[in-house]
Q: 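Quick one: structure below, then a few questions.
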Amino acid sequence: MRTSQVFIPTLREDPGEAEIVSHRLMLRAGLIRKVASGLYTYLPLGLRVIRKIERIIREEMENGGAQELLMPILSPAELWQESGRWGVYGKELLRCRDRHEREFCLGPTHEEIITDLFRREVRSYRQLPLNCFQIQTKFRDEIRPRFGLMRGREFIMKDAYSFDLDEEGAKRNYQKMYDAYERIFTRCGLQFRAVQADNGMIGGNMSHEFMVLADTGEETILYDEHGTFATNVELAEVQTSEQESTVPYQPQYRVQTPGTKTVEEVCNYLGVAPNQLVKTLLYQTEANNVIAVLIRGDHEANEIKIRRMLGVAELTLADPETVQTVSSAPVGFAGPVGLTNVPILADHAIRGMRNFIVGGNDQDIHLRDVNWGRDFQIETFADIRKAQAGGPSPSGDAPLLSAKGIEVGHVFLLGTKYSQAMGATYLDPQGKDRLAIMGCYGIGIGRTAAACIEQHHDHRGITWPVPIAPFHIHLISVSASDNALKTTQDLYTSLVQSDIEVLWDDRDERAGVKFNDADLIGAPLQIVIGDKGLTKGTIDVKVRKTGERSQLPPQDILPFVSKWLAEHSSLLRPQ
RNA sequence: CGGGGCGUAGCGCAGCCCGGUAGCGCGCCUGCUUUGGGAGCAGGAUGUCGGAGGUUCAAAUCCUCUCGCCCCGACCA
C-alpha cells in the first residue's frame with residue numbers, strides 16, 4: 001500500500017498522556033487514538049497488527065481443537081443472576097437497561113452465555129468434548145484504566161470455553177490450550193513464561209498465567225533458576241521450617257507510642273527492627289465475620305492465601321468502625337492480647353518469635369515482650385504471607401528470583417462451577433445426568449500487541465517481529481528522478497505480486513522524514529531507493545532491528561527479502 | 001473512592017502568582033531555493049483559553065460550581 005492511501009497519523013513528539021513505551025509508540029506510530037479514558041480507536045496500522053495476532057490465535061486454537069463462534073456483547077442479567085455473579089462482580093460490571101427496562105450488562109467475560117448455550121443444545125456424552133472460542137470486544141469498567149491498550153476498559157479478547165465428560169478430558173483440553181498458548185506467544189515473537197496462578201475457590205493447581213517478561217509489567221512473578229518453578233507472587237508458597245524459639249520469656253509491658261500507626265513508625269519510634277513486630281490485621285469476610293491475622297512486621301499478608309484458607313470469597317480489611325469495636329482502639333493499634341472475641345490466624349513465621357511487639361488495643365499503646373501461648377492463643381498457624389525473592393524455592397533449595405510480567409493469557413480449569421450453578425448437564429452412556437467439566441482460556445489481544453512493543457523497540461521506534469508487523473517492508477524512495485521512480489514502482493509491483501506486504505512511502509517528503517517515520521512504524525525491513533545507489537546499480541536494504549544494511553542490485557532484492565522474511569517468519573524457539 | 005496535577009491553535013508548551021484586547025516551537029497554507037536521517041528564506045491562516053456562574057470598568061489570570069484527562073494510592077493498622 002502507499003502511504004498516501006493509508007491513514008497513518010504519526011506524531012513527531014511524545015504525547016503528554018503516555019507513560020510507558022508501548023503506549024507512547026502506539027500513539028506516535030499512528031496505531032491507536034484515545035476516545036475516552038480506557039477507550040481507543042484502532043487506526044489502520046494498529047488494526048493490521050491486531051488482525052495478525054488474531055490470525056495466529058485462530059490458527060492455533062483450531063489446531064488445538066477449538067472452534068470459533070461469536071456471542072453477543074450484551075448479556076441478560078438473568079444469566080448472571082443464575083450463576084451468582086450479578087451480585088459479586090461489583091462495579092467492574094457495567095450494567096444497563098433496555099427500552100423495556102430489562103437489565104443487561106456489557107460482557108466482561110462469557111461463561112454464563114456459553115454455559116447457557118451448552119445446556120440448551122448439548123444432550124449426550126456423544127457431543128463431547130466441546131471447545132468453543134470467540135474473538136470479541138469485552139468491557140470491564142476498570143477502576144483505573146492506564147497504559148493505553150495495556151489496561152483499557154474496552155478491549156479485544158480471545159476467550160475459549162471447553163466442556164468435557166470428566167476431569168481427565170478437561171485436563172486434556174487444558175493441556176491442549178496450554179500448548180496452543182505457547183505456540184501463539186512464541187509465534188508473536190514474545191519472551192514469556194507460563195506461571196502457576198490463583199484458582200480462586202475452585203482448588204487444584206490447574207491455572208496458569210502467560211506472562212510476557214517486561215519491566216513495565218503490573219504483575220510480579222517468582223521463579224527459580226532451574227526453571228522448574230514459576231508462579232505469580234500472589235500464589236507462591238512459602239517454604240518454612242520455623243521452630244519454636246527457646247529464648248527465655250521476658251515480662252510483658254505497655255509502652256506509649258503516640259501517633260504511630262504503621263510498622264515503620266512504630267519501629268522508628270521504639271528503635272527496633274520490623275521483624276521484631278507482629279502486625280495484627282483485622283479482616284472482614286462476606287458474612288461480616290471478623291478475623292485477626294498476625295503477620296511479622298517485615299512480611300506482607302497474602303489475601304489470596306487467607307481467603308483460600310478460610311474458604312471465603314470475599315475478604316477485606318475491616319473498616320475503621322469495626323476495628324474500633326473489635327479492638328477498642330483506632331486503626332493502627334490492634335493487637336492479639338485480650339482479643340478474645342475473634343479467631344486469630346497467624347503466619348508460620350510467628351511460631352519462631354519470642355518477646356515481640358504488638359498493638360495494645362488502646363490508642364497510642366503498644367505491648368512489648370509479648371509471647372504467643374503465654375499472653376494469647378493462636379487458633380491456627382498457616383502459610384498466609386507473600387513469598388519474597390531470595391527465599392527458598394518450593395521445588396528445591398535454589399533461591400527465588402523475581403521478575404515483572406504482563407499477563408497476556410490465562411488458562412483455567414473451571415470444574416463444575418458454572419455447569420453446577422446453571423445446570424449444564426449431559427447424559428452419560430448409562431443415561432445418567434452428569435455435570436460437564438469446564439475450562440476457560442483467555443488472551444488479551446491488544447495487550448499482546450502492547451507487550452510485544454515493550455519487548456521490541458529502540459529509541460527510534462518499534463522493531464516488530466515479522467509475524468505481527470503491520471507491513472513486512474517499508475519502501476522508501478528518496479529521489480524524485482524518473483529512474484528512481486520507475487525502479488521503485490517496478491519493485492513495488494514485484495513485491496506485491498509475491499504476496500509481500502509493502503508500505504510504499506510515496507509522499508513528497510524529505511528523506512529524513514521518511515526514514516524517521518519508517519523507523520517509528522517499525523516494519524522489519526526497509527528498502528531505500530535513491531539516485532545515489534542507482535548510479536552504482538544498487539538498492540539499499542536495511543534490517544530495522546539490527547540496523548544492518550546491504551547494497552544489492554535491483555534484481556537481487558526480491559530473492560533477498562523473500563528469503564529473509566521466510567527465515568524470520570518461522571516459529572521462534574520458546575525460551 | 002482518597003490525594004496530587006493538568007485542560008490555552010492540529011501537536012508539545014509558555015502566559016495565571018501580580019487582571020489591562022493571547023504567545024512560542026513544531027505542524028499547516030503560498031512562493032522561491034533545497035532534497036540519502038525530521039531543510040532554508042519570505043509571506044500567511046488558525047483559538048468558545050474545557051464548560052457554567054460570579055467579582056470587576058476590565059477575567060486565560062481572582063472566586064464558586066461543573067466536566068474531562070493524567071499520575072499516585074485504595075485501607076497491609
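Convention: sequence-line order gives letters A, B, ...; per-chain numbering from 1.
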Q: Using a strict threshold of under 4.0 Å (side-chain N to carboxylate O), is an ion pair present between A:R460 and A:D517?
A: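 So A:D517 does not pair with A:R460 through a salt bridge.
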Q: Please state whether the base of B:G68 and the side chain of A:K34 form at least one donor-acceptor pair under 3.5 Å?
A: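 Per atom types, no contact qualifies.
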Q: Below the 4.0 Å mark, does B:G12 have OP1 or OP2 next to a side-chain nitrogen or oxygen of A:R12?
A: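 False: A:R12 side-chain N/O out of range (4.0 Å or more) of B:G12 OP1/OP2.
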Q: Looking only at side-chain atoms of A:D540, point me to the closest of B:G36, B:G38, B:A74.
A: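 Nearest to the side chain of A:D540 among the choices is B:G36.
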Q: So which one's nearest nucleotide on RNA chain B is more toward 5', A:N302 or A:I529?
A: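 Residue closer to the 5' terminus by nearest nucleotide: A:I529.
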Q: Indicate, with a heavy-atom threshold strictly under 4.0 Å, whether A:G359 touches base, sugar-phosphate, or nothing.
A: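 A:G359: no heavy atom of the nucleic acid under 4.0 Å.
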Q: In whole Å, measure the gap between the P atoms of B:A42 and B:G47 for me.
A: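 Per the computed distance, 25 Å lies between those P atoms.
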Q: Classify the nucleic acid contact of A:L282 as base, sugar-phosphate or nothing, counting any heavy atom under 4.0 Å across all strands shown.
A: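 Here A:L282 touches the bases of the nucleic acid.
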Q: Are A:R549 and A:D540 close enough for a salt bridge, meaning some N to O gap below 4.0 Å?
A: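 No, this pair does not count.
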Q: How many Å lie between CZ on A:R144 and C1' on B:G68, as a whole number?
A: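 That distance rounds to 16 Å.
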Q: Please tell me which of the listed nucleotides, B:G38, B:C72, B:G12, lies nearest to the side chain of A:E13?
A: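 For A:E13, the side-chain atoms sit closest to B:G12.
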Q: Any salt bridge between A:K545 and A:D458, counting N to O under 4.0 Å?
A: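 No.
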Q: Using the side-chain heavy atoms of A:A36, tell me which of these nucleotides is nearest: B:C26, B:C71, B:C69.
A: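 Ranking B:C26, B:C71, B:C69 by closest atom to the A:A36 side chain puts B:C69 first.
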Q: Please give the distance between the C1' atoms of B:G25 and B:G68 as a whole number of Å.
A: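 These two C1' atoms come out 26 Å apart once rounded.
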Q: Classify the ring geometry between A:W372 and A:F381 as parallel (under 30°), tilted (30 to 60°) or perpendicular (over 60°).
A: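 Perpendicular.
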Q: Side chain of A:F147 only, heavy atoms from C-beta on: which candidate in B:C71, B:C70, B:G37 is closest?
A: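 Nearest listed nucleotide: B:C71.
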Q: Considering only atom P, compute the distance from B:C70 to B:C13 and round it to an integer number of Å.
A: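 Straight-line distance between the two P atoms is 14 Å.
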Q: Using the P atom on both, measure B:U48 against B:G12 and round to a whole Å.
A: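 That atom pair is separated by 16 Å.
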Q: For B:C70, does OP1 or OP2 lie under 4.0 Å from any side-chain N or O of A:S37?
A: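 Affirmative; the distance criterion is met.
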Q: A:S479 side chain: which of B:C71, B:G36, B:G38 is closest?
A: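 Closest nucleotide among those given: B:G36.
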Q: Would you mind pulling out the nucleotide paired to B:G2, Watson-Crick or G-U wobble, both distances under 3.5 Å?
A: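 Per the H-bond distance test, B:C72.
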Q: Would you mind reading off the distance between A:I476 atom CD1 and B:U35 atom C1', rounded to a whole angstrom?
A: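 For the pair A:I476 CD1 and B:U35 C1', the rounded distance is 15 Å.
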Q: Answer yes or no on whether A:R48 is positioned over the face of A:F471, meaning its NZ or CZ is under 6.0 Å from the six-membered ring centre and within 45° of the axis.
A: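 A:R48 over A:F471 ring: yes.
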Q: Starting the side chain at C-beta, find the nucleotide from B:G12, B:G36, B:U35 nearest to A:R510.
A: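 Looking only at heavy atoms from C-beta outward on A:R510, the closest nucleotide is B:U35.
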Q: Heavy atoms only, 4.0 Å cut-off, all strands: where does A:V323 land among base, sugar-phosphate and nothing?
A: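 The residue A:V323 makes base contact.
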Q: Please determine if a side-chain N or O atom of A:K386 lies less than 4.0 Å away from the OP1 or OP2 oxygen of B:C76.
A: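 For B:C76, OP1/OP2 do not have a side-chain N/O of A:K386 under 4.0 Å.
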Q: Looking at A:W80, does the NZ or CZ of A:R95 lie under 6.0 angstrom from its six-membered ring centre and within 45 degrees of the ring axis?
A: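 Pair A:R95/A:W80 does not count as cation-pi.
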Q: Calculate the interatomic distance between A:D14 atom CG and B:C13 atom C1'; express it in whole Å.
A: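 So the two atoms are 14 Å apart, to the nearest Å.
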Q: Just compare B:G37, B:A74, B:G36 and give me whichever is closest to any side-chain atom of A:K542.
A: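 That would be B:G37.
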Q: Tell me if the side-chain of A:D519 makes a donor-acceptor pair with the base of B:G37, cut-off 3.5 Å, by modelled atom types.
A: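 Such a pair exists between side chain and base.
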Q: Mark yes or no for a side-chain to base donor-acceptor pair under 3.5 Å between A:R549 and B:G37, with no hydrogen or angle criteria applied.
A: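 Indeed, a donor on one side and an acceptor on the other fall under 3.5 Å apart.
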Q: Look at the side chain of A:D531 against the base of B:G36 and say whether a donor-acceptor pair falls under 3.5 Å; ignore hydrogens and angles.
A: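 Result: no qualifying N/O pair found.
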Q: Is the side chain of A:R385 donor-acceptor paired with the backbone N or O of A:H299 at a distance under 3.5 Å, no angle test?
A: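 No, the answer is negative, given that no donor and acceptor are paired below the 3.5 Å cut-off.
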Q: What integer number of Å spans the P atoms of B:U46 and B:G10?
A: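 It comes out at 12 Å once rounded to the nearest Å.
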Q: Under a 3.5 Å cut-off for both distances, is B:C62 Watson-Crick or wobble paired, and to whom?
A: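 By the stated definition (distances under 3.5 Å), B:G54 pairs with B:C62.
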Q: Using a cut-off of 4.0 Å on non-hydrogen atoms, how would the nucleic acid contact of A:T280 be classed: base, sugar-phosphate, or nothing?
A: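 Base contact.
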Q: When we call it a touch if two heavy atoms are under 4.0 Å apart, what does A:A334 touch: a base, just sugar-phosphate, or nothing?
A: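 The answer is nothing, as A:A334 stays clear of every strand by at least 4.0 Å.
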Q: Just the rounded figure in Å: distance from C1' of B:G10 to CZ of A:R28.
A: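 So the CZ-C1' distance, A:R28 to B:G10, works out to 16 Å.
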Q: In whole angstrom, what separates A:R33's CZ from B:C11's P?
A: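 So the CZ-P distance, A:R33 to B:C11, works out to 10 Å.
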Q: Is any NZ, NE, NH1 or NH2 atom of the basic residue among A:K404 and A:D215 found under 4.0 Å from an Asp or Glu carboxylate oxygen of the other?
A: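 No.
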Q: Go ahead and name the base partner of B:C24; Watson-Crick or wobble counts if both distances stay under 3.5 Å, otherwise write none.
A: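 Checking every strand shown, B:C24 finds its partner in B:G12, with both distances under 3.5 Å.
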Q: Taking CG from A:L11 and C1' from B:C11, how many angstroms apart are they, rounded to a whole number?
A: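 It is 7 Å, rounded to the nearest whole Å.
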Q: Under 4.0 Å, counting only non-hydrogen atoms across every strand here, what does A:R296 touch: a base, just sugar-phosphate, or nothing?
A: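 It contacts nothing in the nucleic acid.
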Q: In whole angstrom, give me the gap between the C1' atoms of B:G44 and B:G27.
A: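 Pairwise C1' distance, B:G44 against B:G27, rounds to 14 Å.
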Q: Quick one: look up who B:C41 pairs with, Watson-Crick or G-U, both distances under 3.5 Å, and put none if it's unpaired.
A: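 Paired with B:C41, as far as the under-3.5 Å criterion goes, is B:G31.
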Q: Both A:D517 and A:P15 contact RNA chain B. Taking the nearest nucleotide for each, which residue is further toward the 5' end?
A: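 Result: A:P15.
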Q: Taking atom P in both B:U56 and B:A9, what distance in whole Å separates the two?
A: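 Approximately 30 Å lies between the P atom of B:U56 and that of B:A9.
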Q: What is the distance, rounded to the nearest whole Å, between atom CZ of A:R544 and atom P of B:G37?
A: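 In whole Å, B:G37 P and A:R544 CZ are 16 Å from each other.
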Q: Is the shortest side-chain N to carboxylate O distance from A:E142 to A:R153 below 4.0 Å?
A: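 A:R153 and A:E142: not salt-bridged.
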Q: Looking at A:E509 and B:G37, is any side-chain donor or acceptor paired with a base atom of the opposite kind under 3.5 Å?
A: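 Under the 3.5 Å cut-off, the side chain and the base do not form any donor-acceptor pair.
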Q: Using the C1' atom as the point on both nucleotides, what is the distance between B:C62 and B:G19, in whole Å?
A: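 It comes out at 8 Å once rounded to the nearest Å.
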Q: Can you figure out which of B:C76, B:C70, B:G36 approaches the side chain of A:E17 most closely?
A: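 Side chain of A:E17 sits closest to B:C70.
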Q: Separation of A:N516 atom CG from B:C26 atom P, in whole Å?
A: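 Rounded to the whole Å, the gap is 16 Å.
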